[in-house]
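Read the structure below first, then the notes.
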2 protein chains.
Amino acid sequence: MINSMEATARILKALGDETRLRILALPKDGELCVCDLMATLSLPQSTASRHLAYLRNSGWVSGTRKGKWMYYRFITDTTFTGSGLGEEILCYLSTLEQAPKDQESLRDYLLTKDKETCAATK
Amino acid sequence: MINSMEATARILKALGDETRLRILALPKDGELCVCDLMATLSLPQSTASRHLAYLRNSGWVSGTRKGKWMYYRFITDTTFTGSGLGEEILCYLSTLEQAPKDQESLRDYLLTKDKETCAATK
DNA sequence: TGTCAGTATCCGCATAGACAGATATGATAA
DNA sequence: TTATCATATCTGTCTATGCGGATACTGACA
């Protein structure tokens, strides 16, 4: 369990980007795939995928392949060596202005999403 | 009072650097000047000054001129719109490996520091 | 006014990171 | 095996940022 300044800086560096904050402010129950982000935040596929990769590499999300889909879930309970700080940060993010709009956008999208295909791909 | 994603990203972006984390993990009672950082963290003058400027611009410290000296104090109680998250982050930083060493280094330096001059300048 | 001390900023260099379209890769169905 | 779908990665472009030495700026004092 590494609690170094360098590791902490890498984790926090992931948060220095507005798009990634918006991702982390989405509801954390369940999992999101790339197409969910594309639709919810109006992101091109490569941008969505890249941000998820960054979050994965810095320990904020974990990826699970399910068939053609790659699902990402938040692992903030272990981020920052399990101190709870990750959850605190997410809690704060959800109080920000843009968060409710994004969350509603995600809910709307999930209601209409075709279960067999990702409706937002490319 | 702005609690936008963009403003939050700017505040958090300041934390994506190890040196700045080390600065923020120093004791927050009292104030630090550039030469304190130079001595404590073995930084060149320009580097110390630049990091403090970055922290000032992102709302982590406030600068006060006292004669020839520029003293910086932490204003984490107001960072993140006064939510307390700034303090939480600082609390976490002080649990990291490097923090006690830096804190001790600062204490040692302050004991020997000449009050009339900054002993570490350039 | 010139000098010194403390500090902010510039400068050049190198690296990282944001972006989106293009392309490669992985999974699945026919 | 090929085609389709979903996603990761590459590519080129641009911007940001870290670094430290050099230089400019600020304040104090003789």
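Here is the naming used below: chain letters follow the sequence lines, and residue numbers restart at 1 for every chain. What you see is a predicted model, and the numbers here were worked out from it, not measured in a lab. In what follows, every heavy atom counts, from backbone to side chain, and hydrogens, waters and symmetry copies are set aside.
Nearest nucleotide to the A/Pro44 side chain, out of D/dT7, C/dT7, C/dG21: C/dG21. Minimum atom distance to the side chain of B/Lys68 is reached by C/dG6, of the listed C/dG6, D/dA6, C/dA27. For A/Ser46, the side-chain atoms get nearest to C/dG21 when compared with the rest of C/dA8, C/dG26, C/dG21.
Scanning atom types as modelled, one donor and one acceptor separated by under 3.5 angstrom connect the side chain of B/Gln45 and the base of C/dA8.
If you measure from atom CG of A/Leu41 to atom P of C/dA20, you get 12 Å, rounded to the nearest angstrom. Taking atom CH2 on B/Trp69 and atom P on C/dA8, their separation rounds to 14 Å, with Å as the unit. In this structure, B/Tyr71 places its OH atom 7 Å from P of C/dT7, rounding to the nearest Å. Spacing between atom CG of A/Leu37 and atom P of D/dA8 amounts to 10 Å, rounded to whole angstrom units. Protein atom CD of A/Glu18 is 14 Å distant from nucleotide atom C1' of C/dC19, rounded to whole Å. Remark: C1' of D/dG18 and CG of B/Leu15 are 16 Å apart, rounded to the nearest angstrom. The CG atom of A/Leu43 sits 16 Å away from the C1' atom of D/dA8 (whole-angstrom rounding). In this structure, A/Lys113 atom NZ and D/dA6 atom P are separated by 9 Å, rounded to whole Å.
For the pair A/Lys66 and A/Thr19, both in contact range of DNA chain C, the more 5′-proximal nearest nucleotide belongs to A/Thr19. Taking the nucleotide of DNA chain C with the nearest heavy atom to each of A/Gly16 and B/Arg56, the more 5' of the two is matched to B/Arg56.
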Result block: side-chain N/O donor-acceptor pairs under 3.5 angstrom for residues 52-63 of chain B, not counting sequence neighbours:
| unit_1 | atom_1 | unit_2 | atom_2 | d |
| --- | --- | --- | --- | --- |
| B/Asn57 | ND2 | B/Ala53 | O | 3.3 |
| B/Ser58 | OG | B/Tyr54 | O | 2.8 |
| B/Trp60 | NE1 | B/Ile11 | O | 3.0 |

Side-chain donor-acceptor distances from residues 13-21 of chain B under 3.5 Å, at least two apart:
| unit_1 | atom_1 | unit_2 | atom_2 | d |
| --- | --- | --- | --- | --- |
| B/Asp17 | OD2 | B/Thr19 | N | 3.2 |
| B/Asp17 | OD2 | B/Arg20 | N | 3.1 |
| B/Arg20 | NE | B/Ala14 | O | 2.7 |
| B/Arg20 | NH1 | B/His51 | ND1 | 3.0 |

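Using a 4.5 Å heavy-atom threshold, the side chains of B/Thr76 and B/Thr78 count as separate. Contact check for A/Cys33 versus A/Asp36: side-chain heavy atoms found under the 4.5 Å cut-off. Between A/Arg50 and A/Thr47, some side-chain heavy-atom pair lies under the 4.5 Å cut-off.
Without hydrogens or angle criteria, A/Gln103 side chain to A/Ala25 main chain gives a donor-acceptor distance under 3.5 Å. Remark: side-chain polar atoms of B/Ser94 are paired, donor with acceptor, to backbone N or O of B/Cys91 under 3.5 angstrom.
Here B/Thr47 reaches the OP1 or OP2 of D/dG20: one of its side-chain N or O atoms lies under 4.0 Å away. A sub-4.0 Å separation between OP1 or OP2 of D/dT17 and a side-chain N or O of B/His51 is absent. For C/dA8, the OP1/OP2 oxygens have a side-chain nitrogen or oxygen of B/Ser49 closer than 4.0 Å.
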What protein N or O atoms touch nucleotides 15-17 of chain C N or O atoms at under 3.5 angstrom, if any, and at what distances?
| unit_1 | atom_1 | unit_2 | atom_2 | d |
| --- | --- | --- | --- | --- |
| C/dG17 | OP1 | A/Tyr54 | OH | 3.1 |

